[in-house]
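Report on the structure given below.
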Amino acid sequence: VEAVVEISYFTSGISWSADYVFTSGEDETDMKLQGYVRVTNNSGEDYEDAEVRLVVGTINLVEKIAELAQAGPRLGGDRSVMMRKAIGRAEVPAEMTMMEMADSPELSGMMIMSEKQKAKEIVKEGLSEYFIFSIPGTETIPNGWSKRMNFADASGVPFKVQYRYRPMQYGDRLVRLYVLTNDEKSKLGGSPMPDGVIRVFRENGRGGLSYLAQESTKYIPIGDKIEVNIHPDRR
């Protein structure tokens, strides 16, 4: 007798991170903003033609899943195969299989993974207090490999330059900041922005770019401000 079987399980060794590239115009009035997610597979297994869904938000399953992953042998099974029913009271959407929690308390959860190298428009949707980034099609990520995918791409994003003197916060110096908002008015606001690393460049007027700064950012909800310390102006 033949039957179609779907297996849901939790695994460890799969993580994801976000990074951003801000490219300011020479006059520092607007910028091009690009956001990327990088999925890394260190699970010990190759994933071929798998769907990817990245969950942004604090998920209550993080500690429970970590306990289950460590308790695998005591449960009499492979630690990489943890059935959903073992999670107890936690509710997980049916489509969210092969989920693993990231280390960050603000970024938790993911599912693995293309058939093509072409750019894909990532589908974003809210789910209760979480936000899900769904990668169209499927992705193939062998064990020990990572894949970087674009999830945000906006041009003409307005921002302001602010100067601040706060010795307790920045030391005894005047600093410059780029300040913008994650909202529709700023041509953003389609989704929260996961915590990650921001790298800032500025057009130098000679057809090239000048590197300005790199800074880590916390999870940025829709409507919140984004502040990047550019440090003293050395122009």
Side-chain angles (χ1 to χ4, degrees), residues 16-38 53-59 102 104-110 119-136 148-171 173-205 209-235:
W16 69 282
S17 60
D19 66 274
Y20 305 88
V21 177
F22 291 3
T23 305
S24 163
E26 186 180 5
D27 59 0
E28 296 186 313
T29 58
D30 58 34
M31 68 170 64
K32 179 178 177 62
L33 186 154
Q34 296 169 296
Y36 301 90
V37 290
R38 183 185 300 276
R53 294 186 182 90
L54 310 175
V55 182
V56 181
T58 302
I59 297 180
S104 166
E106 298 289 354
L107 275 183
S108 310
M110 80 161 284
K120 298 180 178 181
E121 182 179 354
I122 296 180
V123 179
K124 307 165 188 177
E125 59 182 324
L127 177 67
S128 184
E129 66 269 39
Y130 314 128
F131 210 92
I132 298 177
F133 290 77
S134 298
I135 314 297
R148 190 174 187 238
M149 293 162 280
N150 177 268
F151 78 90
D153 198 340
S155 299
V157 177
F159 70 94
K160 295 181 180 179
V161 177
Q162 289 188 0
Y163 288 85
R164 292 180 185 172
Y165 180 70
R166 297 178 181 175
M168 295 294 292
Q169 184 175 359
Y170 304 114
R173 60 177 181 171
L174 183 69
V175 300
R176 300 173 71 246
L177 295 98
Y178 282 2
V179 181
L180 56 151
T181 306
N182 184 23
D183 61 11
E184 292 184 2
K185 186 177 180 180
S186 300
K187 302 183 180 180
L188 301 172
S191 69
M193 297 174 65
D195 53 316
V197 176
I198 295 175
R199 295 177 178 85
V200 186
F201 299 84
R202 180 177 58 212
E203 296 177 357
N204 58 20
L209 299 175
S210 298
Y211 172 77
L212 297 184
Q214 175 176 310
E215 185 170 283
S216 297
T217 181
K218 297 290 187 180
Y219 171 82
I220 304 168
I222 296 174
D224 270 24
K225 285 187 176 181
I226 306 167
E227 298 183 348
V228 186
N229 186 354
I230 307 301
H231 307 294
D233 191 349
R234 297 184 176 86
R235 285 186 295 178

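Basis for what follows: all heavy atoms, side chains included, without hydrogens, waters or symmetry-related copies.
Defined by atom type and a distance below 3.5 Å, a donor-acceptor pair is present between the side-chain atoms of D27 and T29.
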Go through V197 and E215 one step at a time and tell me if the side chain to side chain contact (heavy atoms under 4.5 Å, CB included) criterion holds. CA-CA 6 Å; V197 176; E215 185 170 283; over 6 Å; no
Could you please spell out the steps behind the side chain to side chain contact (heavy atoms under 4.5 Å, CB included) verdict for R148 and D19? CA-CA 10 Å; R148 190 174 187 238; D19 66 274; 2.7 Å; yes
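To the nearest 0.5 Å, the span separating CD on Q214 from CZ on R199 amounts to 4.5 Å. Rounding to the nearest 0.5 Å gives a distance of 15.0 Å between CD of E28 and NZ of K160. A distance of 12.0 Å separates CZ in F22 from CZ in F201, rounded to the nearest 0.5 Å. Interatomic distance, NZ of K225 versus CG of N182, reported as 13.5 Å (0.5 Å rounding). A distance of 8.5 Å separates CD in E26 from CZ in R202, rounded to the nearest 0.5 Å. A distance of 8.0 Å separates CG of L33 from CD1 of I198, quoted to the nearest 0.5 Å.
Pairing each heavy atom of P221 with each of P192, the nearest pair is CA-CB, 4.3 Å. Smallest separation of non-hydrogen atoms from Y20 and G35: CD2-CA, 3.8 Å. Heavy atoms only, all atoms of each residue included: I230 and A213 are closest at CA-CB, 4.1 Å. What you find for Y170 and R164 is that their closest heavy atoms are OH-NH1, 3.4 Å. Closest non-hydrogen pair, L180 versus L188, comes out as CD1-CD1, 4.0 Å. For I220 against I226, the heavy-atom pair with the smallest separation is CD1-CG1, 3.6 Å.
Every side-chain contact (heavy atoms from CB on, under 4.5 Å) that K32 has, sequence neighbours left out, goes to T23, Q34, D153, S155. Not a single side-chain contact (heavy atoms from CB on, under 4.5 Å) links D30 to another residue, sequence neighbours left out. With sequence neighbours excluded, the residues forming a side-chain hydrogen bond (donor to acceptor under 3.5 Å, both in side chains) with R166 are Q169, listed by chain and number.
Aromatic ring orientation, Y178 versus F159: tilted (interplanar angle from 30° to 60°).
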